[in-house]
Amino acid sequence: MSENQATQESIAKVHRAYRDIKEQMAKVIVGQDDVIDQLLIALFSRGHCLLEGVPGLAKTLMISTLARCLSMSFSRVQFTPDLMPADITGTEVLRTNQETGDREFQFLSGPLFFNVILADEINRTPPKTQAALLEAMQEGQVTVGKNRHQLPNPFFVLATQNPIEQEGTYQLPEAQQDRFMFKVFVKYPSYDEEKQIALQTTGIEKAEIQPVLDGEQILEIQNIVRQVHVSDHVADYALSLVRQTRVGEPGIPKFVTEWLGWGAGPRAVQYLLLGAKTRALLNGRVHVSTSDIAELAAPILRHRIVTNFSAESEGITPDQVIARLIKETPAKESGLTTDKATKDIFVAAD
């Protein structure tokens with residue numbers, strides 16, 4: 001089998017999985033195509049996803065339905081103000097060995113020891129418990145006492161949160177937000193979609209979801225994603241978008257200096273490239289374009305840049321800053337390294 005045939009088979013395998021999962025989810029979820037696409041890109045890219053929206057927009061239902069499409073273990077954790085770190089990681093208890101009579105510590109695993117974790121209303125618990133997720137999300141393990149315990153592979157945290165201005169919520173620590181590949185905004189449905197939702201959920205018929213992928217198949221797709229080639233030009237475009245958010249660095253636009261207090265770190269570039277590779281495969285392509293990067297810039301960057309007081313007083317949001325960056329950053333290879341607005345980034349790199 002030639003290398004080209006293998007590549008075409010890989011594309012077909014990923015596209016088939018994508019189509020089948022969306023077909024199953026459409027039995028329960030009406031609309032929200034962009035949100036579902038971003039969930040699947042995170043899944044195939046080995047990333048975690050944070051969904052934000054007001055209560056009642058089916059965020060939890062969307063994640064639980066996706067979990068039903070996967071033949072993997074699933075756990076739902078309802079984050080509440082009294083939730084403690086040990087409640088999710090697990091704890092060591094002192095037990096008596098029935099054979100020897102000796103007393104010894106035994107680890108009782110918590111709800112993190114599943115493949116897919118639904119962290120529901122994650123911003124309703126204090127930062128101490130939120131921080132317990134950091135090691136799990138980054139390293140795929142938890143440390144309890146002196147012992148490290150490996151989590152199952154694959155491992156995904158799919159979290160929901162309410163808008164931060166609502167009462168009884170806590171701002172997620174910046175370090176934890178950075179562990180999420182995407183921050184996805186879930187918006188109100190259109191009139192026709194809401195009518196379909198109302199009719200569909202007030203009847204007696206219940207949709208039956210058929211599993212599409214198991215853990216081994218997901219790991220295989222994740223490996224296929226990482227084999228997709230990214231050209232230097234596309235990598236430079238991703239780097240230019242991210243590096244332009246860093247106040248005080250060479251090549252920073254004036255509006256960024258005026259509106260941002262903090263920019264995105266290297267993990268943003270990694271996720272831009274991984275997400276773009278996955279998006280290319282889902283669209284039947286084996287090459288990544290700058291349009292793939294631009295399409296994913298908002299959900300990847302919006303929780304990694306911090307607007308300052310000046311921007312907030314003018315009503316400027318992170319999404320508006322990202323949109324302007326995309327508009328003013330040349331996408332063509334010939335213009336990226338020579339344009340006055342971005343050339344200083346590449347001069348500094350030399």
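Sequence positions, counted from 1, serve as the residue numbers for this chain.
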- Side-chain (H287) to main-chain (H229) donor-acceptor, under 3.5 angstrom: no

- Item | Heavy-atom side-chain contact between R267 and Q138 under 4.5 Å | yes

- Find out whether the Lys NZ or Arg CZ of R68 is both under 6.0 angstrom from the six-membered ring centre of F74 and within 45° of the ring's axis. no

- Query: Any side-chain heavy atom of M62 within less than 4.5 Å of one from M25?
  - Reply: yes

- Polar side-chain atom of D319 near backbone of A298 as donor-acceptor pair, under 3.5 Å: no

- Query: Counting only N and O atoms by type, is there a donor-acceptor contact under 3.5 Å from the side chain of S73 to the main-chain atoms of N115?
  - Reply: yes

- Can any side-chain N or O of H303 pair as donor or acceptor with the backbone N or O of F180 at less than 3.5 Å? yes

- Item | From CA spacing to verdict: side-chain contact (heavy atoms from CB on, under 4.5 Å), K22, L40 | CA-CA 9 Å; K22 290 202 71 173; L40 294 178; 3.9 Å; yes

- Item | Intermediate values then yes/no, salt bridge (charged side-chain N to carboxylate O under 4.0 Å, His left out), D292 and R285 | CA-CA 11 Å; D292 294 315; R285 292 181 282 109; 2.8 Å; yes

- Qualifying residue, where the test is side-chain contact (heavy atoms from CB on, under 4.5 Å) with L273 and the options are I293, V228, V288, L239: I293

- E174 with R304: basic N within carboxylate O range, under 4.0 Å: no

- L112 side, atom CG; I88 side, atom CD1 - distance, nearest 0.5 Å: 5.0 Å

- Message: A side-chain contact here means heavy atoms from C-beta on lying under 4.5 Å apart; do F255 and E328 qualify?
- Response: yes

- Please report the shortest heavy-atom distance between A42 and M181, naming the atom on each side. CA-SD, 3.8 Å

- Are I63 and I197 linked, directly or through other ILVMFWY residues, by side chains that come within less than 4.5 angstrom of each other? no

- Tightest non-hydrogen contact, residues I300 and A268, listed as CG2-O, 3.8 Å

- Item | Side-chain (N283) to main-chain (A280) donor-acceptor, under 3.5 angstrom | no

- State whether E23 and R19 are salt-bridged, where the test is any N-O pair (Lys NZ or Arg NE/NH1/NH2 against Asp/Glu carboxylate O) under 4.0 Å. no

- Apply side-chain contact (heavy atoms from CB on, under 4.5 Å) to V242 and Y271, showing your working. CA-CA 11 Å; V242 173; Y271 280 142; over 6 Å; no

- Item | Cluster link L83 to V157, ILVMFWY, side chain under 4.5 Å | yes

- Is any side-chain heavy atom of I117 closer than 4.5 Å to a side-chain heavy atom of L158? no

- Test item: T245 side-chain N/O and A264 main-chain N/O as donor-acceptor pair under 3.5 Å: yes

- Item | Donor-acceptor under 3.5 Å (T125 side chain, T80 main chain) | yes

- Message: If I compare all heavy atoms of Q78 with all of D120, which pair ends up nearest, and what's the gap?
- Response: OE1-OD2, 3.1 Å

- Message: Nearest 0.5 angstrom please: Q38 CD to Q32 CD, how far?
- Response: 10.5 Å

- Does the Q177 side chain pair with the main chain of K183, one donor and one acceptor, at a distance under 3.5 Å? no

- Given the rule that I, L, V, M, F, W and Y join up when any side-chain heavy atoms are under 4.5 Å apart, are L61 and L70 in one cluster? yes

- How many angstroms lie between atom CH2 of W259 and atom OG1 of T317, to the nearest 0.5 angstrom? 9.5 Å

- Task: Report the distance from atom CD of E193 to atom CD1 of I29, rounding to the nearest 0.5 Å.
- Result: 11.5 Å

- Flag the pair L274 / R46 as yes when at least one side-chain heavy-atom distance between them is below 4.5 Å, and no otherwise. no

- Query: Are Y188 and I36 co-members of a hydrophobic cluster defined by side-chain heavy atoms under 4.5 Å apart?
  - Reply: yes

- Charged N to carboxylate O below 4.0 Å: is that the case for D37 and R279? no

- Task: Report the C-alpha separation of I41 and L282 in whole Å, then their side-chain angles, then the decisive distance to 0.1 Å, and conclude whether the side-chain contact (heavy atoms from CB on, under 4.5 Å) test is met.
- Result: CA-CA 8 Å; I41 289 174; L282 297 186; 3.8 Å; yes

- Query: Do the side chains of L39 and L51 get nearer than 4.5 Å, heavy atoms only?
  - Reply: yes

- Message: Please evaluate residues W262 and V247 with respect to the criterion side-chain contact (heavy atoms from CB on, under 4.5 Å), reporting the C-alpha separation (whole Å), side-chain torsions for both, the decisive distance (0.1 Å), and the verdict.
- Response: CA-CA 7 Å; W262 199 258; V247 178; over 6 Å; no

- Task: Find out whether V184 and C49 are in side-chain contact, i.e. whether some heavy atom of one side chain is under 4.5 Å from a heavy atom of the other.
- Result: yes

- Note on the structure: Heavy atoms of Q320 and G315 approach each other most closely as OE1-O, 3.2 Å

- Message: Within the 4.5 Å heavy-atom criterion, are I326 and Y237 side-chain neighbours or not?
- Response: yes

- Could you tell me whether a side-chain N or O of Q200 sits under 3.5 Å from a main-chain N or O of V28, the two making a donor and an acceptor? yes

- Message: Looking at every heavy atom in both R243 and I252, which two are closest together, and how far apart are they?
- Response: O-CD1, 3.1 Å

- Message: Quick check for you: to the nearest 0.5 Å, what is the distance between R179 atom CZ and L133 atom CG?
- Response: 11.0 Å

- Task: Answer yes or no: does atom CG of N147 have more than 12 heavy-atom neighbours from other residues, nucleotides or ligands under 6.0 Å?
- Result: yes

- Message: Could you report the tightest heavy-atom contact between L213 and F44, atom names first, then the distance?
- Response: CD1-CE2, 3.9 Å

- Query: Is it the case that one hydrophobic cluster holds both F185 and I322, taking links as side-chain heavy atoms less than 4.5 Å apart, direct or via other members?
  - Reply: no

- Query: Between R246 and Q244, is any side-chain donor less than 3.5 angstrom from a side-chain acceptor?
  - Reply: no

- Query: Looking only at atom types and distance, does a side-chain atom of Q161 sit under 3.5 Å from a main-chain N or O of E52, one as donor and one as acceptor?
  - Reply: no

- Test E220 against K13 for salt bridge (charged side-chain N to carboxylate O under 4.0 Å, His left out), laying out the working first. CA-CA 10 Å; E220 183 182 359; K13 184 177 296 184; 2.6 Å; yes

- Decide whether T143 and E135 meet the rule of one side-chain donor and one side-chain acceptor closer than 3.5 Å. yes

- Message: How long is the straight-line distance from CD of Q176 back to CG of L50, given to the nearest 0.5 Å?
- Response: 8.5 Å

- Item | Modelled atom types, side-chain donor and acceptor of T278 and S45, under 3.5 Å | yes

